[in-house]
Amino acid sequence: MNNAQIAAKFELLADLLEFQGANSFRVRAYRNAARTIEGLSQQISDILDDESQKLTDLDGIGKDLAEKCQVLVEKGELPQLDELQKKIPQSVLAMLRIPGLGPKKAAVIYKELKIATLEELKQACLDERVRELKGFGAKTEQTILNGIDLAATAEQRTYWATADKLVQRLREHLKDVKGVEKLEFAGSYRRGKETVGDIDILVTAKSPTAAMDRLGEFSELNEVIARGDTKMSIRLENNMQVDLRVVPAKSYGAALQYFTGSKEHNVKVRGIAKQHGLKINEYGVFRMEDGGTETYVAGKTEEDVYKALDLPWFPPELRENRDVIKLAESGLPELITVEDIVGDMHMHTDATDGKNTLEEMVEAAIARGYQYVAITDHSKRVSMANGLDADRLLEQWKAIDKLNKKLDGQILILKGLECDILEKGGMDLPDQVLEQGDWIIASVHYGQNQPKQQITDRIVGALENPNICIVAHPTGRLINRREAYEVDLETVFQCAKENKKFVELNANPMRLDLNEIQCNAAKERGIPIGINSDAHNIEGFNVMKYGIKQARRGGLTKADVVNTRPWKDIQKMLGR
Ligand code: DGT
Ligand code: CA
Ligand code: CA
Ligand code: ZN
């Protein structure tokens with residue numbers, strides 16, 4: 001069992017316990033352990049094999065959890081978990097994912113209404129039976145109804161970041177298979193879509209059997225769904241499907257183009273082929289001759305395929321539903337890469353809800369080769385995260401001044417803050433404090449259910465404040481978990497433009513907020529976009545790559561992004 005699998009078991013255990021009404025400390029212990037294990041660079045099984053290491057030395061892993069890890073590694077299952085799963089139907093777990101419906105309410109619904117599936121729950125809401133339950137009401141019922149669709153898709157679609165880790169394990173497993181020449185992952189994964197439905201693998205091989213045999217030996221396999229001469233589908237333990245197709249070398253480029261999609265992109269490309277008197281499918285590009293015969297024109301590489309249609313090669317991230325001809329005519333943008341990023345401008349330390357100290361965060365940023373970082377802990381309104389009041393903030397800024405001096409130009413630490421925009425409007429800390437900082441972020445964390453006008457006004461008010469530089473995660477959506485709050489982004493963009501302010505693309509794989517269309521809209525209006533990790537520990541810096549993927553999908557170049565520039569230039573852009 002690998003770390004991701006162990007973490008998934010602990011998460012499931014936490015869900016089931018929570019549903020049962022178990023002690024919240026116990027539940028949290030499992031969740032923390034899951035997070036720790038997912039973030040490890042070393043496999044749990046290797047630590048167990050290594051006499052010089054102890055699992056209990058890991059953060060949040062006590063004796064009991066260490067034993068459970070050992071059982072999982074050795075047996076692949078956990079008796080306690082099996083017990084719970086027998087008692088609570090799997091379908092109930094989907095209910096826990098509904099925004100606004102915690103485990104306690106889910107348990108009431110399950111017990112009182114004998115409801116175990118999302119469909120049954122939807123019907124019960126429509127029949128207005130849910131509002132009759134104790135502690136429920138018409139409003140809760142509506143919230144549940146709104147959340148059911150979100151929860152239903154969440155069951156079927158995996159975060160890109162999770163898919164990416166899986167793809168890396170698959171790549172490792174499938175490398176060096178005898179006779180396999182080329183191997184690539186296609187589909188929505190290759191396009192970098194926020195969530196991935198299933199994984200599509202394409203190979204060329206002397207004999208198709210070796211690749212399929214090897215896939216059948218993947219440690220996370222649950223079942224082989226189907227296996228033919230050149231195609232195989234499997235289901236993994238996490239319920240995800242993986243499709244493998246073996247194609248001839250002369251069709252590899254055409255197949256890669258076809259199976260990368262998106263469907264909408266392919267429909268447009270097919271139309272362009274037609275205009276050229278050509279036909280395109282997963283086998284190649286063909287010229288239609290008089291008399292009905294077809295001549296193979298291209299198909300070996302993707303570049304050949306696009307070239308045959310007089311098109312430039314499209315980076316996969318630009319293959320969503322966008323105007324192919326218009327993009328090609330205006331010249332494809334030179335998309336931003338991770339290497340273009342020179343600093344990270346949104347992160348937390350252990351002064352609030354981060355895990356690492358200021359010094360540790362800065363050290364990790366130096367190791368990444370950044371020119372600068374902005375330390376942006378929460379402000380006091382976020383009491384759950386131990387947000388900073390003016391005194392504690394000024395104290396932190398003093399420490400930053402000191403550290404800057406000590407580091408003597410190795411990196412520049414910016415005195416920042418993620419300042420809450422209050423429910424009634426206005427900033428959480430006074431201007432006399434904010435004006436002493438370098439980089440103040442504004443965020444909406446509370447009052448997310450307010451009407452559109454009110455939330456928009458709050459953000460506009462923040463951007464008009466001369467001390468604010470940028471609005472973080474501007475829509476508040478959590479992919480698969482929570483819809484965006486109601487906000488008029490058009491007005492927000494307009495205001496940012498007029499006041500020389502920026503908008504954030506939050507790189508957290510659950511946020512990726514702004515989405516790709518909104519990123520592109522900001523770019524079109526000339527509003528610089530800051531791509532930030534929102535790191536809560538040193539590993540948190542690593543999510544930058546997900547933000548970059550999203551930025552590429554939005555067509556962003558190096559020039560469109562704030563933190564590809566030196567701090568001096570950023571200050572000028574802010575009109576300082
Ligand atoms: P997913 O898996 O739901 O995240 O999304 P995709 O885009 O990976 O979709 P998938 O796995 O069903 O198929 C992979 C690609 O294959 C898809 O993006 C385009 C191509 N494809 C599949 N079926 C069709 C089809 O019926 N027509 C066309 N034009 N393309 C198709
Ligand atoms: Ca797919
Ligand atoms: Ca597929
Ligand atoms: Zn933050």
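First listed ligand is number 1; within each ligand, the first listed atom is number 1.
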Within 45° of the ring axis of Phe259 and under 6.0 Å from its six-membered ring centre, is that where the NZ or CZ of Arg245 lies? yes
Measure from NZ or CZ of Arg381 to the centre of the six-membered ring of Tyr446 and say whether it is under 6.0 Å with the direction within 45° of the ring axis. yes
For ligand 1, which atoms sit closer than 4.0 Å to a heavy atom of [X]?
X: Val196; answer: 4 (O)
X: Gly187; answer: 8 (O)
X: Thr260; answer: 18 (O)
X: Phe259; answer: 14 (C), 15 (C), 16 (O)

So is Asp243 touching ligand 1 or not, going by heavy atoms under 4.0 Å? no
Applying a strict 4.0 Å limit to heavy atoms, is His265 in contact with ligand 1? no
Under a 3.5 Å cutoff, is there a donor and acceptor pairing between the side chains of [X] and [Y]?
X: Gln450; Y: Glu423; result: no
X: His348; Y: Asn537; result: no
X: Gln550; Y: Glu194; result: yes
X: Glu302; Y: Trp313; result: yes

From the N, O or S atoms in Asp198, identify the one nearest to the Ca ion (ligand 2). OD1
Residue Asp200 atom name (nearest to the Ca ion (ligand 2); N/O/S): OD2
Look at [atom] and say which protein heavy atom is nearest, naming residue and atom and giving the distance to 0.1 Å.
atom: atom 17 (C) of ligand 1; value: Gly261 CA, 3.9 Å
atom: atom 7 (O) of ligand 1; value: Arg191 NH1, 2.9 Å
atom: atom 6 (P) of ligand 1; value: Ser188 N, 3.7 Å
atom: atom 3 (O) of ligand 1; value: Arg157 NH1, 3.0 Å
atom: atom 24 (C) of ligand 1; value: Lys263 CE, 3.4 Å
atom: atom 29 (N) of ligand 1; value: Arg270 NH2, 2.6 Å
atom: atom 11 (O) of ligand 1; value: Asp198 OD1, 2.9 Å
atom: atom 21 (N) of ligand 1; value: Tyr258 CE2, 3.9 Å

Does Lys300 have more than 12 heavy atoms from other residues, nucleotides or ligands lying within 6.0 Å of its NZ? no
Heavy-atom count around Asp229 CG within 6.0 Å, excluding the residue itself: above 12? no
Show your working on salt bridge (charged side-chain N to carboxylate O under 4.0 Å, His left out) between Glu320 and Arg191 and close with a plain yes or no. CA-CA 8 Å; Glu320 293 303 332; Arg191 302 197 309 277; 2.8 Å; yes
Evaluate the ring planes of [X] and [Y], with Trp represented by its six-membered ring, and classify them as parallel (under 30°), tilted (30 to 60°) or perpendicular (over 60°).
X: His473; Y: His346; answer: tilted
X: Phe541; Y: Tyr370; answer: perpendicular
X: Trp439; Y: Trp567; answer: perpendicular

Would you check if the side chain of Gln168 reaches a backbone N or O of Lys165 as a donor-acceptor pair within less than 3.5 Å? no
Check: Pro316 main-chain N/O paired with Arg190 side-chain donor or acceptor under 3.5 Å: no
Which is closest to atom 13 (O) of ligand 1 in terms of heavy atoms, Ile280, Asp200, Thr158, Val267? Asp200
From CA spacing to verdict: side chain to side chain donor-acceptor pair (under 3.5 Å), Ser233, Asp243: CA-CA 4 Å; Ser233 290; Asp243 296 337; 2.8 Å; yes
Short version for Tyr189: what comes under 4.0 Å of ligand 1, heavy atoms counted, is neither
Which is it for Lys193 and ligand 1 at heavy atoms under 4.0 Å: side chain, backbone, both or neither? neither
Step-by-step side chain to side chain donor-acceptor pair (under 3.5 Å) determination, Thr357 to Asp350: CA-CA 5 Å; Thr357 62; Asp350 63 358; 5.4 Å; no
Kindly confirm or rule out an N or O of Gly197 lying under 3.5 angstrom from an N or O of ligand 1. yes
Under 2.8 Å from the Zn ion (ligand 4), which protein N, O or S atoms are there? Could you list them by chain and number? His346 NE2, His348 NE2, Glu418 OE1, Asp534 OD1
